[in-house]
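Labels below follow one simple rule: chain letters A, B, ... track the order of the sequence lines, proteins then strands, and each chain is numbered from 1.
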Amino acid sequence: VKVRVEPEKCQGHARCFALVPELFEVDDYGMSSVRGDGNVPPSLEQGVRLAIVNCPEFAIEEMLDTEDDSGKSSASQH
Amino acid sequence: MTRTSPVSDWSVDFDVLDPSYVADPFGVWDQLRARCPIAHTNRRGSTWLPTRYADVTAIAHDVEHFSSLAVAVIPFDGEEPEEPVLPYGLPPISADPPLHTWTRRLLLPWFSHQRVSGYEKLTRELCSSLIDGFIANGRADAATDYAQQIPVRVIASILGVSDTHADMFTGWVRDVLEFADDPVRRARGVEGLINYFLEEISHRRERPGDDLLSFLLQSEVDGGPVEQSLVLGIAALVLIAGVDTTWSAIGSSLWHLATHPDDRHRLVTEPDVMPFAIEELLRAYSPVTMARIVTTDIEFAHCPMKTGDKILMNFPAANRDPEAFDNADKVVLDRAVNRHVAFGSGIHRCAGSNLARMELRVALEEWLRRLPEYHLEEGRDVAWAGGQVRGPRTIPVVFS
């Protein structure tokens, strides 16, 4: 599983950071982002699912890795 | 003074100050969602009241058609007095972009997760000392003796003003938010806040400290200092927005735990539930409603809205919408899926939400640690306030 926070949607509610601080970080302005390359270790997958369904701005996007690895990825909304 | 007259039809003549609605608005919202999800009234001007999650969040995100230039739920009853010292109101809450954007960026770092962690010790000591003050009595008013005393002192510390004036601040904030339709009280609150902060500003100009007020005065925007009227508005906002709101959330939560012993026992015995319980209590008893002003005639969800109409951003009702939440009217302490919008939605997300969450958590933790067994005092009433901010203003409790 790979996720990203869409910066144009995030409004700094910090729900993801509260749920999975190991994966999300927040800056001084409250904006969240995913640490590292966005790949979620299996131990954090359950937490990430929770973060996705608790974001009031629907800002956490799950990236589906495509086979051709063209750099594009399709997103699924929850 | 009678503030309201009876409501016969909530869909076309609602009144958010109706005493029965203030005490228990939930049934009205359920009825409206089923037959007229955006109600209207001409009381205090043409005003709309959305009750569905989808409508409230859609309006919050449409800042082009729904402006924040007037956010008061209870308008002044009469001709709006000139307030030349606050030409921009209380930015960023009463501003649209671009003013909203840069004033908000000045404030946000003061309420970041990291900064807020630094205020936790002060908050915990404050809560503990408040309990020390009444624990031997076996009874207390959980609203006035406890909840009301907490956020105002933390905010005073952040602003760098003396918390010995806490009761005075609380009085002004209530005048402005709860009694805005009373010209005498409103004027008293506005003048009190303005005069107080003008004096504090002149002190800070001479002797700057490491507080938020000094920071605002030293900040530069576009190569120059921030206008004094903006500093005044921002500082007043921090106090106004940081007092009634969080106090109400703490009070509602303590009221819920007083009246729901199973939930109380669970929080005492399962502290891991606390982070979820905080979000659930915020959802179920969301204190804050903000207003928006319609900028151009628009039909929204079949409602013919006119330029200048007011929208009451009913975040509390959105958070009880069964289309958005399972068992929406039930408090489920460990609710896993909870996209509540107690702090709003979109660009005006409460700038102090990290602080409010910390204060609510610490206030509940300290109360439950010292007073795990308490209940409402028989024969004495709980009094609720509503309008802009809903919460209990008196909660007589006894403890063993």
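When heavy atoms are compared at a cutoff of 4.5 Å, A18(A) does not approach chain B at all. Residue V337(B) touches chain A through both its backbone and its side chain, counting heavy-atom pairs closer than 4.5 Å.
The environment of CG in D326(B) is sparse: at most 12 heavy-atom neighbours from other residues, nucleotides or ligands sit within 6.0 Å. Enclosure of atom CZ in R105(B) is not indicated, since only 12 or fewer non-hydrogen atoms of other residues, nucleotides or ligands lie within 6.0 angstrom. More than 12 non-hydrogen atoms from other residues, nucleotides or ligands lie less than 6.0 angstrom from CD of Q218(B).
The shortest non-hydrogen separation linking Y29(A) to R349(B) is O-NH2, 4.3 Å. Heavy atoms only, all atoms of each residue included: S353(B) and G12(A) are closest at OG-O, 4.5 Å. Among all heavy-atom pairs drawn from Y53(B) and P56(A), the shortest one is OH-O, 4.3 Å.
Most heavy-atom pairs under 4.5 Å with chain B: of the set D28(A), V26(A), D27(A), L50(A), this distinction falls to D28(A). Ranked by non-hydrogen atom pairs under 4.5 Å with chain A, the options E279(B), H340(B), Q114(B), R357(B) are led by E279(B). Most heavy-atom pairs under 4.5 Å with chain A: of the set S112(B), P275(B), S345(B), G346(B), this distinction falls to G346(B).
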Step-by-step ring-ring contact (aromatic ring centres under 6.0 Å, His included) determination, H113(B) to F17(A): CA-CA 10 Å; H113(B) 170 76; F17(A) 175 71; 4.6 Å; yes

Would F276(B) and L19(A) count as a side chain to side chain contact (heavy atoms under 4.5 Å, CB included) here? Give the steps. CA-CA 9 Å; F276(B) 294 92; L19(A) 286 163; 4.1 Å; yes

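Listed by chain and residue number, D62(B) satisfy the side chain to side chain contact (heavy atoms under 4.5 Å, CB included) test with E64(B) (two or more places apart in sequence, or in another chain).
Counted by atom type alone, E57(A) and H61(B) present one or more donor-acceptor pairs between their side chains at under 3.5 Å.
Of the possible polar contacts, one joining the R15(A) side chain to the N338(B) backbone as a donor-acceptor pair under 3.5 Å is found.
Under a cutoff of 6.0 Å and an axis angle of 45°, R339(B) and F58(A) form a cation-pi pair.
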